[in-house]
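Side chains are part of it too, since the values below use all heavy atoms of this structure and drop only hydrogens, waters and symmetry mates. Both ligands and their constituent atoms are indexed starting at 1 by order of listing.
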Amino acid sequence: MRTYGCQMNVADSSEMGRHLKAKGLVETQDPDEASVFLVNTCTVRQHAEDRAFSEIGRLKRWKTKRQGRKVVVTGCAAERTKEYLEDRFPFLDLVVGAKSIEDFGRMAERLLDRRETDEDLEYAVAAVDEKVAAFVTIMRGCNYSCTYCIVPYVRGREIYHSMEQILGEVRDRVSEGAREITLLGQTVNSYRHGQHRFDGLLRAVAGVNGVERVRFISPHPYYMSDRVIETMATVPEVCESLHLPVQSGSNTMLKAMMRNYTREQYVALVEKIRQAMPGMTLSTDIIVGFPSETEDDFQQTLSLIEELQFDWGFIFKYSTREGTPAAQLECWPEELIEERHQRCLELVDRIAVRKRSNLVGSTQDVLIEEGGFGRTRTNYKVHVEGDVAQGETVRVLIANTHRATLEGEARVQ
Ligand code: 5AD
Ligand code: SF4
């Protein structure tokens, strides 16, 4: 299985993997061994879609190498371009758009029922190893209409899973070894189901036996209510780390993007959250080169980064998505977008490196995920030397840091 794009897609891949395993398939990381190849696509930016398509193109050869092999394409790009995909790659066995992901089990069943073509076929799928830190999808789709974004078109409007279903999934993950649960949704904190709201869900998940840590991605600033902040600050299982996409530091751009908040509102929100949770880490998403973004608008993004001192961030070059309102606007030349991207990355990186180096000499609780690697509550990736077991939380002294990864990798001796 190959997964492109966001954490939501990673979780969808795991869910599909579980469906296939329930039908008797076994995992493999090796394409030569596999009989089913599943490509879970992303279409948020053109680049991700292009990479997935070239991978699909290469699978034609893979498929002919052994009789009965199947190629399945799922996800957001599959939703957006189903007809094109089936046309361009006639060898595909199944194309499942992101909106139909909940029906995947049924569709896969039908695909696997065609087994009579090759009795001995062993279906194989590589699932993502997310044993200790697991993801649970609580909602799908998005009711926002940020003008650059394709997600509402390919994932549809918001639907929420019930509290019972979510808690059931959390218990399942815990029984499989999970200690940390990350709740997922496009605007995860807009969750509501019956009387339940996001803060209540956070508390309930934190209360499940065996859950040590709770995180969530990605919240929308608009729904960061006082109740959510208070829950984060007072429920010990909820980690001191927040990924809060801002997209731009310019009010003109925020309006053009239809983000539903101003720079001042975002700053005030961050101040409130930091006051409630001193020592928390804050990360963000930023888009550079949105149509009509002037040098002055861009400078305001840089000044916001300086002002708020994000611990790390993901900086995206604006990518035109056909069918979105922003696609009507005139684009900046690629070189200009590239140049702003570089400048923004440099600033975010410089702050990230400095912040990370502040960790040295501190004591941190690290939940070990795999191979001596784990994460602090503030979501820094840490390598712990010595004998440590998966799923164990160890208290360590941070000895030194590496510049290697944006998210911060602190080596511990
Ligand atoms: N171009 C560039 N970045 C985008 N994102 C979403 N749509 C686009 C686009 N058209 C970014 C946003 C979002 C993240 C998941 O992807 O920053 O928060
Ligand atoms: Fe896209 Fe905006 Fe919805 Fe996020 S909130 S998924 S950026 S439309």
Ligand-side contact atoms (ligand 2) for residue partner Y148, heavy atom cut-off under 4.0 Å: 7 (S)
If hydrogens are left out, which of M8, R45, H220 has an atom nearest to atom 11 (C) of ligand 1, that is, the closest non-hydrogen atom? R45
For D349, is there any backbone N or O sitting under 3.5 Å from a side-chain donor or acceptor partner on W312? no
Less than 2.8 Å from atom 2 (Fe) of ligand 2 is the window; count the protein N, O or S atoms in it. 1
Which residue in the set F290, W332, F298, Y148 passes ring-ring contact (aromatic ring centres under 6.0 Å, His included) when paired with Y318? F290
Mind checking whether Y148 has an N or O less than 3.5 Å away from an N or O of ligand 1? yes
Who's closest to atom 15 (C) of ligand 1 heavy-atom-wise, of I287, D285, I315, T320? D285
Could you tell me the residue and atom name of the protein heavy atom closest to atom 6 (C) of ligand 1, and the distance to it rounded to 0.1 Å? V44 CG1, 3.4 Å
Any donor and acceptor pair, going by atom type alone, linking the side chain of N189 with main-chain N or O of Y223 inside 3.5 Å? yes
Q46 side chain to S319 side chain, donor-acceptor N/O pair below 3.5 angstrom: no
Side-chain (T41) to main-chain (A77) donor-acceptor, under 3.5 angstrom: yes
At a non-hydrogen distance cut-off of under 4.0 Å, which region of F316 contacts ligand 1 (side chain, backbone, both, or neither)? side chain
When you measure from atom 2 (C) of ligand 1 to every protein heavy atom, which one gives the shortest distance, and what is it? K317 O, 3.3 Å
Does K65 use its side chain to pair, donor to acceptor, with the backbone of D32 at less than 3.5 Å? no
Could you tell me whether the side chain of N9 and the main chain of Y4 form a donor-acceptor pair under 3.5 Å? yes
Whether H220 and Y222 hold their rings parallel, tilted or perpendicular, with breakpoints at 30° and 60°: perpendicular
For F37, is the NZ or CZ atom of K63 found under 6.0 angstrom from the centre of its six-membered ring and inside 45 degrees of the ring axis? no
I need the nearest protein heavy-atom contact for atom 9 (C) of ligand 1: residue, atom name and distance, please. S319 O, 3.6 Å
Determine whether the side chain, the backbone, both or neither of Q247 has a heavy atom under 4.0 Å from any heavy atom of ligand 1. side chain
For a salt bridge (Lys or Arg N to Asp or Glu O under 4.0 Å) check, start with the C-alpha distance between E102 and R140, then their side-chain angles and the critical distance, and finish with the verdict. CA-CA 10 Å; E102 309 243 329; R140 295 188 181 280; 2.6 Å; yes
